[in-house]
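Beneath this line is the structure, given in structure tokens, with notes to follow.
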Amino acid sequence: MGLTKQYLRYVASAVFGLIGSQKGNIVFVTLRGEKGRYVAVPACEHVFIWDLRKGEKILILQGLKQEVTCLCPSPDGLHLAVGYEDGSIRIFSLLSGEGNVTFNGHKAAITSLKYDQLGGRLASGSKDTDTIVWDVINESGLYRLKGHKDAITQALFLREKNLLVTSGKDTMVKWWDLDTQHCFKTMVGHRTEVWGLVLVSEDKRLITGASDSELRAWDIAYLQEVEDLEEPEPKKSKGSSPGIQDTHEPEDGNPETDETPEDRILTCRKAGSIMREGRDRVVNLAVDRTGRILACHGTDSVLEVFCILSKGEIQKKMDKKMKKARKKAKLNSSKGEDEDLEVNVEMTLQDEIQRVTNIKTSAKIKSFDLIHSPQGELKAVFLLQNNLVESYSLHPSTPAPQPVRTSRITIGGHRSDVRTLSFSSDNIAVLSAAADSVKIWNRATLQCIRTMTCEYALCSFFVPGDRQVVIGTKTGKLQLYDLASGNLLETIDAHDGALWSLSLSPDQRGFVTGGADKSVKFWDFELVKDENSTQKRLSVKQTRTLQLDEDVLCVSYSPNQKLLAVSLLDCTVKIFYVDTLKFFLSLYGHKLPVICMDISYDGALIATGSADRNVKIWGMDFGDCHKSLFAHDDSVMYLRFVPKSHLFFTAGKDHKIKQWDADKFEHIQTLEGHHQEIWCLAVSPSGDYVVSSSHDKSLRLWERTREPLILEEEREMQREAEYEESVAKEDQPVVPGETQGDNYFTGKKTIETVKAAERIMEAVELYREETAKRKEHKAICKAAGKEVPLPINPILMAYGNISPSAYVLEIFKGIKSSELEESLLVLPFSYVPDILKLFNEFIQLGSDIELLCRCLFFLLRIHFGQITSNQMLVPVIEKLKETTISKVSQVRDVIGFNMAGLEYLKRECEAKSEVMFFADATSQLEEKKRKRKKREKLILTYT
């Protein structure tokens, strides 16, 4: 079949106009060895790394489709873990900017990510109420912790102990023993959601933030330590009767008997509360790396900063308190000073955690991050609600610390949603205007080259010549700007209501405006004398007015300038003659008002988009409706024809941009990328570029490629994408002994794991076929009495002429570590006997022991019943048992030897550095002595 009509594909080219999006959190990252200079912020599906000092974007970590919801840098500063809306986690290298590791295990958005102290494990919490601990080095999931009944808000590893503490919106704080992977303690002291959780004072104190203005502090006592201080536990339990023992509350801090063994790990006792100034819920609660500074904020623009005092500082404070109390007691006592007074001073939580100051930002805080430098300076960086990043510095140790704003990143985006976009006539400049500013961008570099303040903009265009721009505002004003100087030339009161639409006349001498005051006004450009200079400047004058019965929502000239289409609030579009303003046609059929429309380049068609989600295509000659298309799942917000064609783009509140053919009434392609409703778009005069703006505050550039787009293929790809999505939503495979819906393993079934399982099945089938062929070949050779050439499988040839069993091993090695278990879980049992036999061969050869053991133990765990009841597999398992034990102990010996070698080298290096240190110290001492002698000689000569 020949190509009937060729379309060209538009692809996403760039995201700009966005500084940081609201869903994720901002974090400091270490780049080029510098701390406190670079920050990572979520930007829709990408992560931007900004340089705070220069205000420049220096790196983009490219995402796929889903929005970023959580960021966490690794302790070594080399990686950044990024959590997404669909529950996937990717780990990016900050050196190369590539995301090599992907973890799929959660079913809903990631809400919390935390590394342990060494950076070897990562705990992720999600809206699906599960916490999963991942092994970052092995790139696999360790275990899933189920227990919370609502979204997880925070998960923290303890430094010394193998414990994890999690908080959730179900008001619970749970403690997990990671050795046994079970919850051994649930704290129920909160009445509302627990939004924040931090560990301070060397993990001896837990601070939680909830939906009220209290920060609650809990003292943690590890019972092994308590026992060391007092008598051993068995003695205690013998000495106390069981009746008394039961009256202890778990929060009491007393070691319990064996009846509640979980309380032998630790106890939590409420130490008190710190009152916040904010009255609303805690949004974020965090502590800096050193554990010295604690900060939190609510839904407003104030960050409250507290300092956690060290033991020495607390002692000093208590001594001062004691002195004061003694003085007071002496003054109060009537007996005089002859006898010593017993003075008791209670230590309160306020003595240990001291309020430092508040940092007030310029808008509501969405998230923040802290860094406390060794010099005592505290740097705080904020991601604000209005697409802005601010950083402040503070010296908490000074008596009355004042926060100083050190930098802002503002130029790269608007403070509010962009409501209008325009291209200049040379396709190079893009204008975007929002509620407070107009920005001009260079399309090629995506740099903002001009920013001008304006009123709430609704529509705009470049004046012919591209030296001035005109903006129509919500208050009905026309604002005229000069681009070279960035000045506002003139403001004209054009309409009494909002000025909804502008249309430049085809002869480029004037334009027409439509407003909410039920009128359409015609304007001409003119040159007037400027009072401030000798030269003339551009201005506009009104020539005619067309009064109508309804509010005007949209106006559009026909290309020959004979007709004017006006869309009204009564759901109709009326067409008038431009010269006489006489009525020509009425286009009615939409159920809700027409928000946008455009007339094709030849004036033959008009397309209208409405709030009723339909697009209608009409003939301009008789006003007949050629076709009505159900275009979007929500209001159609914007519609533009591609110049010199009958193709047009529509943008909807359903986050999509679609391209249509107005002759064939075909849907050509959908441009997906925006995460919120789209307000407007602009098509460049050449038709090569489309730029769109959305409520997610991003501007997106789409570029026309030379790649032809075939509709059948496009539909096929769409169906495949839908199938792949449905695979992930299907029920997960169930392991014997589990109930449906309960997932003990950390992975989840995705299209990748299904494909990996298929690859294993194909490899095993190929191995079976090839083994059978080789047996036949041997028989043929025997019968013929000579060597007959063996036909080689092309797949094995491609892999370098390897044996069929080696090919199976190659396939296992090729599966991503994070998808291995889930792929084996999908694998039918009929393939398992062959795989076990092959594993026996491989392990005897001593190749990839770790990988093979991991697969082997997993298969034994999930198919235990079937394997043990199968007589054929008994000898295989016996052999595996022998080979595995011997080979694993060999590997362990090698690793042990290497570890000992490294320890030896470490000791050698330390010894060397100590010798160097002493040598340096001695030479410095000699230098000092020499200088002192010199000085003494000088003094002697002077005297």
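No hydrogens, no waters, no symmetry mates; every other heavy atom, side chains included, goes into these values. The first residue of the sequence shown is numbered 1, and numbering continues consecutively from there.
Within 6.0 Å of CG in Leu95 there are more than 12 heavy atoms belonging to other residues, nucleotides or ligands. Environment of NZ in Lys474: sparse, with no more than 12 heavy atoms of neighbouring residues, nucleotides or ligands closer than 6.0 Å. More than 12 heavy atoms of other residues, nucleotides or ligands lie within 6.0 Å of NZ in Lys658, so this atom counts as buried by the packing criterion. Annotation for Trp195: atom CH2 counts as buried by contact number, over 12 foreign heavy atoms lying within 6.0 Å.
In this structure, Trp50 and Phe48 have perpendicular ring planes: the angle between them is above 60°, well past the 30° mark.
For Phe92 and His79, the ring centers are positioned 6.0 Å apart or more. Residues Tyr10 and Trp702 keep their aromatic ring centres 6.0 Å or farther apart. Taking the six-membered ring for Trp and the full ring otherwise, Phe157 and Tyr115 have centroids separated by 6.0 Å or more.
Side-chain contact between Tyr481 and Val470: absent, with no pair of heavy atoms (C-beta onward) separated by less than 4.5 Å. Between Leu215 and Val282 there is a side-chain heavy-atom pair separated by less than 4.5 Å. Leu699 has its side chain within reach of Leu421: a pair of non-hydrogen atoms, C-beta onward, lies under 4.5 Å apart. Residues Leu478 and Leu499 are in side-chain contact: their nearest non-hydrogen atoms beyond the backbone lie under 4.5 Å apart. Contact of the Arg289 side chain with the His372 side chain is not registered, since no non-hydrogen atoms from C-beta on lie closer than 4.5 Å. The side-chain heavy atoms of Leu118 and Pro75, taken from C-beta on, include no pair separated by under 4.5 Å. Using a 4.5 Å heavy-atom threshold, the side chains of Leu71 and Val47 count as touching. Leu701 places a side-chain heavy atom less than 4.5 Å from the side chain of Leu446.
One distance of note links CZ of Arg419 with CH2 of Trp679; it measures 5.0 Å at 0.5 Å rounding. Between the OG atom of Ser422 and the CD1 atom of Ile471 there is a distance of 7.0 Å, given to the nearest 0.5 Å. Taking CD of Gln447 as the start and NZ of Lys57 as the end, the distance is 8.0 Å to the nearest 0.5 Å. Taking NZ from Lys366 and CG from Asn387, the interatomic distance works out to 12.5 Å, rounded to the nearest 0.5 Å. Atoms OG1 and CG, on Thr111 and Asp150 in that order, are 10.0 Å from each other to the nearest 0.5 Å. Here the OG atom belonging to Ser684 is positioned 5.0 Å from the CZ atom belonging to Phe423, to the nearest 0.5 angstrom.
Of the charged side-chain nitrogens involved, at least one lies within less than 4.0 Å of a carboxylate oxygen, so that Glu45 and Arg700 count as a salt-bridged pair. A salt bridge is defined here as a Lys NZ or Arg NE, NH1 or NH2 lying under 4.0 Å from an Asp or Glu carboxylate O, and Lys364 with Asp300 fails to meet this definition. Between Glu85 and Lys23 a salt bridge is recorded (basic side-chain N to carboxylate O distance below 4.0 Å). With respect to the salt-bridge test (charged N to carboxylate O, under 4.0 angstrom), the residues Arg415 and Asp436 do not qualify. Under 4.0 Å is where a charged nitrogen must lie from a carboxylate oxygen, and between Arg37 and Asp51 at least one such pair does. Salt-bridge check for Glu193 with Arg281: failed, with every basic side-chain N at 4.0 Å or more from each acidic carboxylate O.
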**OP:** Give the intermediate values and the outcome of side chain to side chain donor-acceptor pair (under 3.5 Å) for residues Lys439 and Thr451.
**Re:** CA-CA 5 Å; Lys439 285 183 184 282; Thr451 302; 3.0 Å; yes
**OP:** Begin from the C-alpha positions of His632 and Thr650 and carry the test side chain to side chain donor-acceptor pair (under 3.5 Å) through to its verdict.
**Re:** CA-CA 9 Å; His632 290 271; Thr650 59; 2.8 Å; yes
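When all heavy atoms of Ile595 and Ser635 are compared, the pair lying nearest together is CD1-CB, 4.3 Å. In plain terms, the two heavy atoms of Leu113 and Ala81 that are nearest each other are CD1-O, 3.7 Å. Taking both residues in full, the closest heavy atoms of Arg450 and Leu483 are given as NE-O, 2.7 Å, listed atom of the first, atom of the second, then distance.
Judged purely by distance below 3.5 Å, without hydrogens or angles, the side chains of His297 and Asn284 pair a donor atom with an acceptor atom. No side-chain donor from either of Thr131 and Thr166 sits under 3.5 Å from a side-chain acceptor of the other. Side-chain atoms of Thr473 and Gln479 include no donor-acceptor pair closer than 3.5 Å. The closest side-chain donor-acceptor pair between His655 and Ser694, if any, does not fall under 3.5 angstrom. Defined by atom type and a distance below 3.5 Å, a donor-acceptor pair is present between the side-chain atoms of Ser301 and Lys360.
Between the Glu304 side chain and the Glu277 main chain, a donor and an acceptor come within less than 3.5 Å of each other. With hydrogens and angles ignored, the 3.5 Å screen pairs no side-chain donor or acceptor of Arg467 with any backbone N or O of Asp482. Between the side chain of Thr153 and the main chain of Val194, a donor-acceptor pair closer than 3.5 Å is present. Judged purely by atom type and a 3.5 angstrom limit, Asp466 uses its side chain to pair as donor or acceptor with the backbone of Ser425. Using modelled atom types, no side-chain atom of Glu490 and backbone atom of Leu480 make a donor-acceptor pair closer than 3.5 Å. For Ser126 (side chain) and Ile110 (main-chain N/O), no donor-acceptor pair under 3.5 Å exists by modelled atom type. Remark: side-chain polar atoms of Ser692 are not paired, donor with acceptor, to backbone N or O of Leu681 under 3.5 angstrom.
In this structure, Arg443 forms a cation-pi arrangement with Tyr689, its terminal cationic atom sitting closer than 6.0 Å to the ring centre and no more than 45° off the ring axis.
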